Amino acid sequence: MANKKKVIVTGFEPFGEHAVNSSWVAVQELERLGLGEAVDLHVCEVPVEYQAVQGLLPSLWKEHQPQLVVHVGVSGLATTVTLEQCGHNKGYKRLDNCSFCPASQCCMDSGPDCIHSVLDMETVCKRVNESGLRVALSVSKDAGRYLCDYTYYTSLYLGQGHSAFIHVPPLGKPYSSQDLGRALQAAIQEMLKLLELDPKHNKHCNHKHHHQHDYV
């Protein structure tokens, strides 16, 4: 099919206490399941390094020109599969896997404080939760000011809001890799339906969040 939708989904490498990163395990399970015949799915593993993210994401957007990029990360605090509504520009103080953090503690020096996804995550959440999947989804507006938030903001900036971020719990707390893969599949399929119906423009907000979480 010449008019296939192109979707990129990423997970993260291990870091800290997460010797196995459930985000990459879930993405590999999603790759096995696929997103249907009409979608060209490309997956990749992202290093837990600020500079690597700054190098990788522009090339992913440019080379593949996807309709949607979905980043998946692990949260040690999460007990649900959590859809993140927005990414934040400032507050990056935690050191990455190379013991580095940006001197400016921000993603884009001239960028807005916060960028929202064009996707309404509450709608995606409601639809998946009502579908009988037996995996609970929730929505958050604080992706944690570490590599997850940094990656999300960068992708929202590069893709004019056509990005999403999904936090998953560690494996077995309570979901299996198969559960997480099915949840990713269901959520991304709903996101693609929303994009088809309403390709909105990106919008910015100036929310200030001050939480420190065990997030990528």
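Note: hydrogens, waters and symmetry copies are ignored here, and every other heavy atom, side chains too, is used. Since we're looking at a predicted model, the values are computed, not measured.
- Between the side chains of Asp142 and Ser140, no donor N or O sits under 3.5 Å from an acceptor N or O.
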- Message: Using the rule given for side chain to side chain donor-acceptor pair (under 3.5 Å), can you reason through Asn21 versus Glu13, listing the C-alpha separation, both sets of side-chain angles and the distance that settles it, and then say yes or no?
- Response: CA-CA 6 Å; Asn21 194 320; Glu13 70 180 4; over 6 Å; no
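- For the atom pair CH2 (Trp61) and CG (Leu158), the distance works out to 7.5 Å, reported to the nearest 0.5 Å.
- Side-chain atoms of Leu60 and Lys62, non-hydrogen and from C-beta on, never get closer than 4.5 Å to each other.
- With a 4.5 Å cut-off on side-chain heavy atoms, Asp109 and Ser104 count as touching.
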- Task: Assess whether side chain to side chain contact (heavy atoms under 4.5 Å, CB included) is satisfied between Val74 and Leu171, documenting all intermediate values.
- Result: CA-CA 9 Å; Val74 64; Leu171 291 175; over 6 Å; no
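- Under the 4.0 Å criterion applied to side-chain N and carboxylate O atoms, Glu37 and Lys4 are not assigned as salt-bridge partners.
- Using a cut-off of 4.0 Å between Lys/Arg side-chain N and Asp/Glu carboxylate O, Asp40 and Lys5 are scored as not salt-bridged.
- When all heavy atoms are compared, the tightest approach of Ser117 to Leu156 is CA-CD2, 3.6 Å.
- Between Ala187 and Leu83, the closest heavy-atom pair is CB-CD2, 4.4 Å.
- Judged by distance alone, the side chains of His162 and Gln67 never bring a donor and an acceptor atom under 3.5 Å apart.
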- Task: Evaluate the criterion side chain to side chain contact (heavy atoms under 4.5 Å, CB included) for residue pair Ile188 and Val9; output intermediate values, then yes/no.
- Result: CA-CA 9 Å; Ile188 295 167; Val9 183; 3.8 Å; yes
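- Ring pair Tyr50/Tyr150: centre-to-centre distance below 6.0 Å.
- With respect to Glu122 and Lys126, no salt bridge is recorded, no charged nitrogen being found less than 4.0 Å from a carboxylate O.
- The closest side-chain heavy-atom distance from Leu119 to Leu68 is below 4.5 Å.
- When atom types are taken as modelled, the side chain of Ser22 and the backbone of Pro169 share a donor-acceptor pair closer than 3.5 angstrom.
- Side-chain N or O atoms of Arg94 include none that pairs as donor or acceptor with a backbone N or O of Arg145 at under 3.5 Å.
- Between Glu63 atom CD and Lys6 atom NZ the span is 10.0 Å, to the nearest 0.5 Å.
- Across Tyr153 and Cys107, no two heavy atoms sit closer than the pair CD2-CB, 3.5 Å.
- Heavy-atom minimum distance, Glu49 versus Asn97: CG-CB, 4.4 Å.
- With rounding to the nearest 0.5 Å, the separation of OG in Ser138 from CD in Glu84 is 8.0 Å.
- A distance-only check finds no donor-acceptor pair linking the side chain of Asn89 to the backbone of Cys106 [under 3.5 Å].
- Judged by distance alone, the side chain of Asp179 and the main-chain N or O of Tyr175 form no donor-acceptor pair under 3.5 Å.
- Cluster membership check: Leu95 does not share its hydrophobic cluster with Leu147, using side-chain heavy-atom separations under 4.5 Å among Ile, Leu, Val, Met, Phe, Trp and Tyr.
- Using a distance-only test at 3.5 Å, with no hydrogens or angles considered, a donor-acceptor pair links the side chain of Ser163 to the main chain of Val69.
- Ile166 is not listed as a side-chain neighbour of His71, based on a closest heavy-atom distance of 4.5 Å or more.
- Between Val70 and Thr10, every side-chain heavy-atom pair lies at or beyond the 4.5 Å cut-off.
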- Query: Is there a side chain to side chain contact (heavy atoms under 4.5 Å, CB included) between Phe100 and Gln51 once you walk through the steps?
  - Reply: CA-CA 9 Å; Phe100 173 88; Gln51 289 171 305; 3.7 Å; yes
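- Annotation: side chain of Phe12 is in contact with side chain of Thr151 (closest heavy-atom distance under 4.5 Å).
- The main-chain N or O of Leu137 is found under 3.5 Å from a side-chain atom of Asn129 such that the two form a donor-acceptor pair.
- No donor-acceptor pair under 3.5 Å is formed between the side chain of Gln105 and the backbone N or O of Tyr92.
- At least one side-chain heavy atom of Met121 sits under 4.5 Å from a side-chain heavy atom of Met191.
- Going from atom NE2 of His88 over to atom SG of Cys148 covers 13.0 Å, rounded to the nearest 0.5 Å.
- Side chain of Gln185 to main chain of Gly34: a donor-acceptor pair is present (N/O by atom type, distance under 3.5 Å, no hydrogens or angles).
- Pairing each heavy atom of Ala143 with each of His167, the nearest pair is O-CE1, 3.4 Å.
- Cluster membership for Leu33 and Leu192, using ILVMFWY side-chain heavy atoms within less than 4.5 angstrom, is not shared.
- Side-chain atoms of Glu130 do not come within 3.5 Å of backbone N or O of Cys125 as any donor-acceptor pair.
- The backbone N or O of Gly16 sits nowhere less than 3.5 Å from a side-chain atom of His18 that would complete a donor-acceptor pair.
- Ion pair Lys193/Glu190 flagged as a salt bridge, since at least one NZ, NE, NH1 or NH2 atom sits closer than 4.0 Å to an Asp/Glu carboxylate oxygen.
- Distance check, rounded to the nearest 0.5 Å: CZ of Phe165 to OG of Ser155 gives 10.0 Å.
- A distance of 5.5 Å separates CD in Gln189 from CG in Leu35, rounded to the nearest 0.5 Å.
- Between Leu184 and Val27 there is a side-chain heavy-atom pair separated by less than 4.5 Å.
- For the pair Leu133 and Ala186, the tightest heavy-atom approach, listed with the atom from each and the gap, is CD2-CB, 4.0 Å.
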